[in-house]
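We count ligands from 1, going down the list as the structure has it; atoms in each ligand are counted the same way. These values consider heavy atoms only, across backbone and side chains, with no hydrogens, waters or symmetry-generated copies. Residue numbers run from 1 in the order of the sequence given.
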Amino acid sequence: MTQDELKRQVAEAALKYAQEGVIGVGSGSTVNLFIDALASIKGRIEGAVAASEASAERLKKHGIRVFDLNSVNELPVYVDGADEVTEHLHMIKGGGGALTREKIIAAVAKKFVCICDASKLVPVMGKFPLPLEVIPMARSYVGREMLKRGAQPVLRENYKTDNGNLILDCHGLVLLDPPIIEAEFNNIAGVVTNGIFARRPADVLLLGEATGVRTLRKA
Ligand code: 5RP
């Protein structure tokens with residue numbers, strides 16, 4: 001099976017969590033496949049809240065109503081991908097730059113369903129460079145702070161987030177205690193958020209493997 005086939009498999013498996021109401025939808029290539037699958041059952045949901053402008057556009061093209069998060073009181077489920085995930089359902093996210101909106105929607109949602117192909121499951125996170133969304137005037141300061149913490153920060157070139165900010169991709173980290181490090185990096189002035197999702201991990205992980213979809217749940 002190709003990586004795309006594994007992604008499609010988990011995207012389709014996630015449909016069973018989209019039963020009613022407004023669905024939280026993340027961003028990335030796996031989520032794009034989820035949005036395409038969601039179109040086949042759009043009659044049973046009210047619509048979606050999207051974590052990126054790109055996802056919102058794709059939802060609208062399929063005729064799925066897109067809500068502003070402020071107009072929604074509750075979100076039963078949020079479906080999103082990840083760049084790395086552990087068996088504790090901690091994640092690194094933000095490869096697509098949408099980490100801040102993703103973290104906000106994850107905070108609101110009752111259930112976070114992470115959809116990934118098997119290559120994303122790791123024993124310890126950090127091989128994938130950790131994205132930090134940074135206020136532009138704080139770029140150099142945050143870079144220096146991350147160097148002190150053992151990372152090699154690299155500015156994502158020619159890139160602006162949907163919120164008008166920059167991304168620093170931080171290489172060389174070994175994230176042994178993700179919830180603690182998540183809080184520490186978020187405390188650096190000028191960091192909007194970082195791509196560790198551990199204080200609010202996923203509740204369910206659907207992992208696409210050659211033998212089928214494996215479901216892991218938060219302990
Ligand atoms: C975007 C994300 C994505 O979920 C993550 O990058 C995974 O993307 P893909 O499904 O394309 O591998 O966090 O900000």
Side-chain angles (χ1 to χ4, degrees), residues 1-15 17 23-38 48-59 69 77-86 89-109 111-122 125-134 154 156-157 159-171 173 175 178 182 185-186 191-209 213:
M1 259 192 183
T2 65
Q3 194 178 22
D4 275 353
E5 285 164 343
L6 296 176
K7 288 180 182 184
R8 192 177 305 278
Q9 186 177 242
V10 285
E12 284 168 6
L15 280 184
Y17 294 91
I23 307 299
V25 171
S27 66
S29 58
T30 317
V31 163
N32 281 344
L33 296 169
F34 173 68
I35 294 173
D36 297 347
L38 201 57
V49 167
S52 68
E53 302 296 340
S55 291
E57 276 315 302
R58 198 173 186 103
L59 285 158
L69 183 62
V77 67
Y78 176 48
V79 178
D80 199 358
D83 299 301
E84 284 185 345
V85 61
T86 70
L89 308 201
H90 297 154
M91 296 157 281
I92 285 184
K93 294 183 43 53
L99 59 163
T100 300
R101 295 188 187 192
E102 291 172 345
K103 207 173 269 196
I104 295 167
I105 300 177
V108 175
K111 183 176 281 187
F112 186 155
V113 179
C114 179
I115 51 174
C116 286
D117 67 85
S119 70
K120 306 286 182 73
L121 185 65
V122 295
M125 300 191 297
K127 197 165 175 201
F128 189 91
L130 177 69
L132 263 56
E133 180 163 354
V134 172
V154 177
R156 203 175 286 185
E157 295 233 0
Y159 186 81
K160 222 179 213 189
T161 69
D162 285 347
N163 310 311
N165 296 315
L166 304 173
I167 297 281
L168 286 181
D169 289 306
C170 295
H171 297 250
L173 291 164
L175 303 176
E182 179 180 358
F185 291 174
N186 277 347
V191 172
V192 179
T193 198
N194 72 77
I196 303 174
F197 284 57
R199 300 180 85 81
R200 197 287 180 241
D203 299 294
V204 178
L205 168 62
L206 301 179
L207 199 64
E209 300 181 327
V213 175

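Atoms of ligand 1 found under 4.0 Å from any heavy atom of Gly97 (numbered from 1 in listed order, with element): 14 (O). Counting the atoms of ligand 1 from 1 in the order shown, those under 4.0 Å from a heavy atom of Ala98 are 14 (O). Set against the non-hydrogen atoms of Gly81, the atoms of ligand 1 under 4.0 Å away are 4 (O). Ligand 1 places these atoms under 4.0 Å from at least one heavy atom of Gly96: 1 (C), 6 (O), 14 (O). Counting the atoms of ligand 1 from 1 in the order shown, those under 4.0 Å from a heavy atom of Gly28 are 11 (O). The ligand atoms of ligand 1 that sit less than 4.0 angstrom from a heavy atom of Asp80 are 4 (O). Residue-ligand proximity, Gly94 to ligand 1, at heavy-atom distances under 4.0 Å covers atoms 2 (C), 13 (O), 14 (O). Which parts of ligand 1 touch Asp83 is read off a 4.0 Å heavy-atom cut-off, strictly below it: atoms 5 (C), 6 (O), 7 (C), 13 (O).
Between the side chains of Ser119 and Asp117, at least one donor N or O lies within less than 3.5 Å of an accepting N or O.
Protein heavy atom in closest approach to atom 10 (O) of ligand 1: Thr30 OG1, 2.5 Å. Counting only heavy atoms of the protein, atom 9 (P) of ligand 1 lies nearest to Ser29 OG, 3.3 Å. Of all protein heavy atoms, the one closest to atom 12 (O) of ligand 1 is Lys120 NZ, 2.6 Å.
Here atom 3 (C) of ligand 1 lies nearest to Ser27 when heavy atoms of Ala11, Cys116, Ser27 are compared. Which of Glu102, Met91, Lys93 comes nearest to atom 14 (O) of ligand 1 through a heavy atom is settled by distance: it is Glu102.
You'll find the side chain of Val25 reaches within 4.5 Å of the side chain of Phe34, heavy atoms only. Contact of the Pro131 side chain with the Arg156 side chain is registered, since non-hydrogen atoms from C-beta on lie closer than 4.5 Å. Here the side chains of Phe197 and Asp80 are not in contact, with every heavy-atom distance at 4.5 Å or above.
Smallest separation of non-hydrogen atoms from Gly96 and Tyr159: O-OH, 3.0 Å. The heavy-atom pair separating Ser52 from Asp162 by the smallest distance is CA-OD2, 3.4 Å.
Screening Glu12, Gln9, Lys7 for a side-chain contact (heavy atoms from CB on, under 4.5 Å) involving Leu33 leaves a single residue, Lys7.
Taking the charged nitrogens against the carboxylate oxygens, Lys103 and Glu133 have no contact shorter than 4.0 Å, which rules out a salt bridge.
More than 12 heavy atoms of other shown residues, nucleotides or ligands fall within 6.0 angstrom of atom CZ in Arg58.
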Going through the distances and angles, do Glu182 and Arg199 end up as a salt bridge (Lys or Arg N to Asp or Glu O under 4.0 Å)?
-> CA-CA 8 Å; Glu182 179 180 358; Arg199 300 180 85 81; 5.3 Å; no

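When heavy-atom distances to ligand 1 are checked against a 4.0 Å cut-off, Ser52 has no atom that comes that close, whether in backbone or side chain.
Proximity of Gly26 to ligand 1 is not established, as no heavy-atom distance is less than 4.0 Å.
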